[in-house]
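Before any comments, here is the structure.
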Amino acid sequence: MSAENGTPPPGPTPEPIRFFGTTWLNHDTGYTPRRIAVSVGSLATAAAACLVLRLAYQGLRIAAIGGFVTLLMTVMFAICSATAFRHTWNGFTRRPDPDRQASLRGLLAIGFVGSLLAYFFRSLTEAPGEKLHREEYEAARKRHEKGTTRRSGNPSKRRR
């Protein structure tokens with residue numbers, strides 16, 4: 001925003017990223033501490049989630065429901081976590097399809113540990129989704145600059 005009149009600057013504006021806002025653009029105003037906090041937070045949350053899953057596993061063992069059901073639960077969480085990891089990881093580099101996202105909502109909820117780990121690993125190198133947002137922002141800026149330069153100047157002075 002312009003300091004004088006409160007109007008936004010001309011051209012495209014960067015899209016904010018969760019926990020980072022628009023600090024990802026210039027890596028300013030606490031970008032590095034935010035990345036560290038997001039890394040630590042997502043890893044701590046994943047560890048807590050694994051503890052909860054361990055307690056659930058122990059509850060199944062105490063209930064003595066059988067080895068087959070316990071194995072099914074373990075395999076289900078492993079597959080859902082791996083799928084959620086891959087889906088979340090791919091979501092950092094390209095926009096997910098909304099219909100597919102809606103159909104995978106339950107699977108992603110079950111495999112939340114995989115999503116948390118993907119968030120952790122991505123935040124070690126950049127703000128999760130920064131590369132995608134930067135590519136989209138740069139493309140929007142180029143389109144805007146191209147449109148602005150095409151219309152600049154006096155058209156009557158152009159060579160024919």
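If you read the sequence from its start, that first residue is 1, and numbering goes on from there.
For R18, the side-chain contact (heavy atoms from CB on, under 4.5 Å) partners two or more places apart in sequence, or in a different chain, are Y119. In terms of the side-chain contact (heavy atoms from CB on, under 4.5 Å) criterion, residue partners of D28 (sequence neighbours excluded) are, by chain and number, T23, N26. Taking the side chain to side chain donor-acceptor pair (under 3.5 Å) definition, one finds that R122 meets it with E126, sequence neighbours left out. Partners of S81 according to the side chain to side chain donor-acceptor pair (under 3.5 Å) rule, which considers only residues two or more places apart in sequence or in another chain, do not exist here. Partners of E135 under the side-chain contact (heavy atoms from CB on, under 4.5 Å) rule, at least two apart in sequence or in another chain, are K131. Residues meeting the ring pair (Phe, Tyr, Trp, His ring centres under 6.0 Å) test with F121, sequence neighbours left out: none. Remark: A47 engages no residue in a side-chain contact (heavy atoms from CB on, under 4.5 Å) (not counting sequence neighbours).
Between the CZ atom in F120 and the OG atom in S115 there is a gap of 15.0 Å [rounded to 0.5 Å]. One distance of note links CG of L25 with NE2 of H133; it measures 11.5 Å at 0.5 Å rounding.
Between K142 and E136, none of the side-chain N atoms (NZ, or NE/NH1/NH2) sits under 4.0 Å from a carboxylate O, so this pair counts as no salt bridge.
Hydrophobic clustering, with ILVMFWY side chains joined whenever heavy atoms are under 4.5 angstrom apart, keeps V69 apart from Y57. Linking Ile, Leu, Val, Met, Phe, Trp and Tyr residues whenever their side-chain heavy atoms come within less than 4.5 Å places M76 and L53 in a single cluster.
The shortest side-chain heavy-atom distance between F19 and R34 does not fall under the 4.5 Å cut-off. Using a 4.5 Å cut-off on side-chain heavy atoms (C-beta onward), K146 and R143 make no contact. In this structure, V38 and F20 have side chains that are in contact, with non-hydrogen atoms separated by less than 4.5 Å. Under the 4.5 Å side-chain criterion, counting only non-hydrogen atoms from C-beta, P96 is not in contact with N90.
Cluster note: F68 groups with L72 through ILVMFWY side-chain heavy atoms spaced under 4.5 Å, whether in direct contact or through intervening members. Through direct or relayed side-chain contacts under 4.5 Å between Ile, Leu, Val, Met, Phe, Trp and Tyr, L132 connects to no other residue. Other residues sharing the hydrophobic cluster of V75, ordered by chain and number and joined by side-chain separations under 4.5 Å: L71, I79.
In this structure, A127 and I17 approach most closely via the heavy-atom pair CB-CD1, 4.5 Å. The two residues P14 and Y137 have their closest heavy-atom pair at N-CE1, 3.6 Å.
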Got a list of side-chain donor-acceptor pairs under 3.5 Å for residues 99-112, not counting sequence neighbours?
| from | atom 1 | to | atom 2 | distance (Å) |
| --- | --- | --- | --- | --- |
| R100 | NH1 | H87 | ND1 | 3.1 |
| Q101 | OE1 | H87 | NE2 | 2.7 |
| S103 | OG | R100 | O | 2.9 |

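The aromatic rings of F92 and W89 sit perpendicular to each other, their planes meeting at more than 60°, with 30° as the lower class boundary.
Applying the side-chain hydrogen bond (donor to acceptor under 3.5 Å, both in side chains) rule to pairs touching residues 37-49 yields S39-S123, sequence neighbours excluded.
The environment of CZ in R54 is sparse: at most 12 heavy-atom neighbours from other residues, nucleotides or ligands sit within 6.0 Å.
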Open item on the list: Between W24 and R35, is the side chain to side chain contact (heavy atoms under 4.5 Å, CB included) condition met? List the steps.
Closed with: CA-CA 10 Å; W24 60 268; R35 262 198 35 222; over 6 Å; no

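Side chain of T88 to backbone of F85: no donor-acceptor contact under 3.5 angstrom is found.
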